[in-house]
Amino acid sequence: MRIVELTEESRNNLLANLLKRSPASYGKYEQTVNNIVDRVRREGDQALFELTREFDKCDLNAQSIRVTDEEIEEAYSQIDPEFVTVMKKSAANITAFHEKQMHNSWILPNDNGTILGQKITPVEISGVYVPGGKAAYPSSVLMNILPAKVAGVSRIIMTTPPNASGKVNPGTLVAADIAGVREIYKVGGAQAIAAMAFGTESIPKVDKITGPGNIFVALAKKACFGYVSIDSIAGPSEILVLADGTAPPRYVAADLLSQAEHDELASAILITSSRELAEKVSKEVDEFTEQLSRKEIIVKSLENYGYILIAETMEQAIDAANEIASEHLEILTADPYQVMTKIKNAGAIFLGEYSSEPLGDYFAGPNHILPTNGTAKFFSPLNVDDFLKKTSIISYSRDALEKVHKDIELFAEKEGLTAHANSIKVRFE
């Protein structure tokens with residue numbers, strides 16, 4: 001891996017390079033996606049069937065577009081039972097973590113005759129998009145569905161592309177069943193997002209769409225936002241390791257590569273105050289890469305967005321980490337908890353040498369759908385709140401309103417909204 005001194009110039013160059021991966025720069029595909037979305041909106045199922053034939057080489061109709069219970073049962077026979085057990089353990093951890101995020105509605109009556117409150121209700125229908133083929137991740141199925149379940153969403157549907165034979169990845173189906181969803185439709189890409197956003201004869205319109213996908217899926221979510229709520233427009237995966245000289249080089253190297261193997265746009269960055277660690281990690285990365293199955297992807301990822309930055313002090317390293325605002329941030333220092341208190345921007349923080357990033361991807365419980373491309377400065381991981389609506393409650397008695405009605409009328413009149421003022425005034429004529 002390239003080793004660079006951390007300066008203001010090198011930090012700015014790094015940030016500029018990382019921003020090239022933002023979904024906001026996918027403009028050349030935007031018109032293609034907009035055409036697909038518009039076509040599905042106008043033509044419904046017919047467009048879905050034709051686009052699935054074109055992109056997935058699969059013939060579907062109104063009878064075959066939905067996954068049957070028999071297909072789900074067949075999927076179980078194709079999955080290692082031990083893997084099913086592990087998925088159930090993971091699901092239990094994810095559920096337990098997200099249950100801690102739940103809020104209750106509240107009402108606050110006051111002696112002055114006012115009642116204020118907040119009513120919390122789940123969205124009615126949530127849609128989950130799940131990639132297919134080589135990019136099928138059962139873990140993401142659990143991470144998308146279970147927070148919605150905990151929130152109390154009454155109907156959850158899932159879309160995922162079929163193969164040419166009309167089959168869906170069995171791991172995807174088993175994970176969905178473990179999470180409690182059996183309403184699954186065989187459609188992928190931008191057309192699946194449009195179908196959930198606007199509804200077709202076969203697929204219901206949803207209130208919220210979550211789930212990862214390729215460039216076309218990301219742009220379709222962007223195009224449909226406003227007609228439907230979305231989780232985020234996710235960019236490529238990324239990891240930042242913040243380490244001092246006490247960090248085990250072999251662990252650091254292995255963790256960097258855990259994200260570099262995702263795709264050629266993934267970023268893997270080490271920021272350290274130890275040149276010795278930097279050199280040892282670089283050597284370990286080279287040795288690991290030769291042994292790993294996704295060597296070609298890793299090499300290109302590291303060439304494009306792999307960095308080892310040497311900081312003069314840990315304070316300088318922490319400042320850079322906050323500026324980068326990485327999706328995954330590992331802290332491998334003598335006192336990771338003390339360093340954590342200075343971190344302002346990160347999607348998820350992993351503390352200590354036994355808290356490797358894949359622990360969060362698969363098993364610990366916190367959601368692995370995280371803000372990318374610096375958006376951790378203002379976005380949060382997918383959570384129960386994403387599936388809840390908060391409605392304000394206001395009730396004033398006549399006496400309570402009488403005490404403040406002139407204040408309200410004055411405010412409205414100063415804004416030139418005389419009908420607003422009159423709405424209050426008529427009650428005291």
Side-chain angles (χ1 to χ4, degrees), residues 37-38 41-42 97-128 144-157 193-200 203-210 220-233 344-345 367 369 371 375-429:
V37 169
D38 184 59
R41 187 179 184 182
R42 287 184 289 103
F97 178 85
H98 287 84
E99 284 175 343
K100 300 292 186 185
Q101 298 175 340
M102 280 296 290
H103 308 289
N104 295 317
S105 299
W106 55 271
I107 292 286
L108 182 64
N110 291 303
D111 294 338
N112 63 3
T114 68
I115 299 175
L116 301 176
Q118 183 172 263
K119 186 173 186 287
I120 298 177
T121 52
V123 301
E124 291 185 31
I125 307 178
S126 181
V128 178
N144 277 280
I145 293 174
L146 292 171
K149 280 282 184 182
V150 170
V153 179
S154 58
R155 187 180 182 187
I156 303 173
I157 72 163
I193 302 300
M196 290 190 283
F198 300 107
T200 72
I203 297 177
K205 180 185 181 339
V206 304
D207 302 310
K208 177 102 183 185
I209 299 174
T210 66
K221 288 168 76 174
K222 180 181 176 184
C224 295
F225 178 64
Y227 298 100
V228 65
S229 176
I230 62 172
D231 50 353
S232 65
I233 304 171
K344 300 175 184 176
N345 306 316
N367 211 289
I369 298 166
T375 60
K377 291 180 178 179
F378 45 83
F379 280 147
S380 304
L382 188 71
N383 62 85
V384 166
D385 278 353
D386 286 304
F387 301 95
L388 296 174
K389 300 181 283 100
K390 300 174 180 70
T391 305
S392 300
I393 297 171
I394 303 167
S395 175
Y396 270 51
S397 67
R398 189 186 196 286
D399 287 346
L401 184 60
E402 187 171 19
K403 293 173 183 174
V404 298
H405 78 95
K406 290 187 181 299
D407 294 339
I408 302 166
E409 291 163 21
L410 176 63
F411 217 135
E413 288 164 357
K414 291 299 183 183
E415 291 192 347
L417 299 175
T418 54
H420 278 62
N422 187 60
S423 173
I424 300 292
K425 190 180 297 183
V426 295
R427 284 165 166 78
F428 300 99
E429 290 177 343

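Numbers here are sequence positions counted from 1.
- A side-chain hydrogen bond (donor to acceptor under 3.5 Å, both in side chains) with Asn144 holds for exactly one of Thr210, Asn367, Asp386; it is Thr210.
- Of the possible donor and acceptor atoms, none in the side chain of Lys205 sits under 3.5 Å from a partner among the backbone N and O of Phe198.
- Residues Ile115 and Leu108 have side chains not in contact (no heavy-atom distance under 4.5 Å, counting atoms from C-beta outward).
- Note on Asp231 versus Lys208: no salt bridge recorded, every NZ/NE/NH1/NH2 to OD/OE distance being 4.0 Å or above.
- Within the 3.5 Å criterion, the main-chain N or O of Ser126 finds no donor-acceptor partner in the side chain of Asp207.
- Atom OG1 in Thr114 sits 9.5 Å away from atom NZ in Lys403 (nearest 0.5 Å).
- Other residues, nucleotides and ligands contribute only 12 or fewer heavy atoms inside 6.0 Å of the CZ atom of Phe225.
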- Message: Apply side chain to side chain contact (heavy atoms under 4.5 Å, CB included) to residues Trp106 and Ile393 and explain how you reach the verdict.
- Response: CA-CA 9 Å; Trp106 55 271; Ile393 297 171; over 6 Å; no
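- Rounding to the nearest 0.5 Å places CG of Leu146 at 8.0 Å from NE2 of His98.
- With contacts defined as side-chain heavy-atom distances shorter than 4.5 Å, the pair Val37/Cys224 qualifies.
- We find the CZ-CD1 distance between Arg155 and Ile157 to be 7.0 Å, quoted to the nearest 0.5 Å.
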- Message: As a quick check of understanding, evaluate side chain to side chain contact (heavy atoms under 4.5 Å, CB included) for Leu388 and Thr121, giving each step before the final call.
- Response: CA-CA 6 Å; Leu388 296 174; Thr121 52; over 6 Å; no
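- Put simply, the side chain of Glu124 does not reach to within 4.5 Å of the side chain of Val153, judged on heavy atoms.
- More than 12 heavy atoms of other shown residues, nucleotides or ligands fall within 6.0 angstrom of atom NZ in Lys377.
- In this structure the side chain of Leu401 reaches within 4.5 angstrom of the side chain of Arg427, judged on heavy atoms.
- Side chains of Tyr227 and Arg41 form a contact here, defined as non-hydrogen atoms less than 4.5 Å apart.
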- Item | Audit row: Ile394, Leu116, side chain to side chain contact (heavy atoms under 4.5 Å, CB included) steps and yes/no | CA-CA 5 Å; Ile394 303 167; Leu116 301 176; 4.1 Å; yes
- Is there a side chain to side chain contact (heavy atoms under 4.5 Å, CB included) between Val228 and Met196 once you walk through the steps? CA-CA 9 Å; Val228 65; Met196 290 190 283; over 6 Å; no
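- At least one donor-acceptor pair under 3.5 Å links the side chain of Lys221 to the backbone N or O of Ser232.
- For the pair Gly152 and Pro122, the tightest heavy-atom approach, listed with the atom from each and the gap, is O-CG, 3.4 Å.
- Using a cutoff of 4.0 Å between basic side-chain nitrogens and carboxylate oxygens, Glu402 and Arg398 are scored as salt-bridged.
- Counted by atom type alone, Asp399 and Ser397 present zero donor-acceptor pairs between their side chains at under 3.5 Å.
- The shortest non-hydrogen separation linking Phe387 to Ala151 is CB-CB, 3.7 Å.
- Of the inter-residue distances, the one linking Glu415 atom CD with His420 atom NE2 reads 8.0 Å to the nearest 0.5 angstrom.
- For the pair Gln101 (side chain) and Val384 (backbone), a donor-acceptor distance under 3.5 Å is present.
- For the atom pair Ile408 CD1 and Ser423 OG, the distance stands at 9.5 Å (nearest 0.5 Å).
- Side-chain contact between Lys149 and Ile156 is present, with at least one heavy-atom pair separated by less than 4.5 Å.
- Lys425 pairs with exactly one of His405, Glu413, Lys406 by the side chain to side chain contact (heavy atoms under 4.5 Å, CB included) rule, that one being Glu413.
- Across all non-hydrogen atoms, the minimal contact from Pro381 to Asn383 is O-ND2, 2.7 Å.
- Between the NZ atom of Lys414 and the CG atom of Leu410 there is a distance of 6.0 Å, given to the nearest 0.5 Å.
- Side-chain polar atoms of Lys119 and Ser105 form no donor-acceptor pair below 3.5 angstrom.
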